[in-house]
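Everything below concerns the one structure shown next.
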Amino acid sequence: MNPNLHWLSDFPPQKRMGLFLSEALDGEDHDERVRQLATELGCKNGKTVEMWKTGAAKVPLRMLIPLARHTGIDVSEWLPLWIAAEIGSDDGDQLYKASQRMLSVWEWNLIAVARDIYRGDEDDD
């Protein structure tokens, strides 16, 4: 399970995406970050992003990769949140937990290196 998402398990599935987005955009320059994200995603204004944060609107799936790029947070962290928001109920919670097992790009690369190291020279057999 991704430790960056663990705290969200205490909240209803449909609220997690907004909370994580709020945290990702938090800071003294919050309004500017919201405006920049909205512009980058092709939204008319920051109200769309604000609605995503409050849960008044759902983040479209096609926005996850641009959202991940903008925030610098791997898409593997956004996808479980999107699934939970999309499904809502207890089923959303089960799918949320299952989708947290996805690996980020850096984790995948780390595993590949570890496999190469521990595999050793196969000619020694």
Side-chain angles (χ1 to χ4, degrees):
M1 179 188 319
N2 186 327
N4 294 332
L5 301 176
H6 183 68
W7 65 275
L8 292 168
S9 296
D10 295 335
F11 296 93
Q14 61 274 19
K15 300 265 186 206
R16 294 173 187 162
M17 177 74 125
L19 292 168
F20 195 62
L21 180 57
S22 292
E23 183 178 275
L25 298 174
D26 199 20
E28 290 181 19
D29 59 344
H30 171 267
D31 293 338
E32 178 62 20
R33 287 179 178 199
V34 168
R35 189 191 62 70
Q36 285 178 343
L37 176 58
T39 301
E40 201 172 299
L41 298 177
C43 302
K44 292 181 181 179
N45 56 48
K47 288 182 183 180
T48 302
V49 175
E50 290 294 341
M51 289 173 60
W52 293 345
K53 287 174 41 187
T54 63
K58 292 181 181 179
V59 176
L61 181 59
R62 72 181 186 287
M63 295 293 189
L64 287 188
I65 291 177
L67 183 59
R69 284 186 193 130
H70 180 84
T71 59
I73 298 170
D74 195 281
V75 73
S76 66
E77 294 189 44
W78 288 106
L79 193 55
L81 300 167
W82 182 86
I83 289 170
E86 188 65 25
I87 306 235
S89 68
D90 290 338
D91 290 338
D93 197 46
Q94 289 176 346
L95 288 172
Y96 170 75
K97 289 175 183 174
S99 64
Q100 283 183 305
R101 297 181 195 134
M102 290 184 282
L103 300 175
S104 67
V105 172
W106 73 268
E107 290 168 319
W108 182 257
N109 290 333
L110 183 62
I111 290 169
V113 169
R115 285 179 178 161
D116 285 344
I117 290 170
Y118 290 108
R119 185 178 324 142
D121 190 1
E122 293 178 7
D123 292 338
D124 290 342
D125 291 340

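As the structure is a prediction and not an experimental result, all values here were calculated from the model.
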Contact summary for [X] and [Y], nearest pair of heavy atoms:
| X | Y | result |
| --- | --- | --- |
| Met17 | Leu81 | SD-CB, 3.7 Å |
| Ala38 | Asn45 | CB-O, 3.4 Å |
| Trp78 | Leu64 | CB-CD2, 4.1 Å |
| Ile73 | Ala68 | O-CB, 3.1 Å |

Query raised in the report: Can you pull the salt bridge (Lys or Arg N to Asp or Glu O under 4.0 Å) pairs that have at least one residue in residues 50-73, sequence neighbours excluded?
Result: Glu50-Lys53

Roughly how far apart are [X] [atom1] and [Y] [atom2], rounded to 0.5 Å?
| X | Y | atom1 | atom2 | result |
| --- | --- | --- | --- | --- |
| Thr71 | Leu25 | OG1 | CG | 7.5 Å |
| Arg115 | Leu110 | CZ | CG | 11.0 Å |
| Phe20 | Trp7 | CZ | CH2 | 7.5 Å |
| Leu41 | Thr48 | CG | OG1 | 9.5 Å |
| Ile111 | Asp116 | CD1 | CG | 12.0 Å |

Query - Criterion side chain to side chain contact (heavy atoms under 4.5 Å, CB included) on Leu79 and Leu61, from CA distance to verdict - result: CA-CA 9 Å; Leu79 193 55; Leu61 181 59; 4.1 Å; yes

Query - Which residues share a salt bridge (Lys or Arg N to Asp or Glu O under 4.0 Å) with Glu32, sequence neighbours left out - result: Arg35

Query raised in the report: So if you build clusters from Ile, Leu, Val, Met, Phe, Trp, Tyr with side-chain heavy-atom gaps below 4.5 Å, do Trp82 and Met51 land together?
Result: no

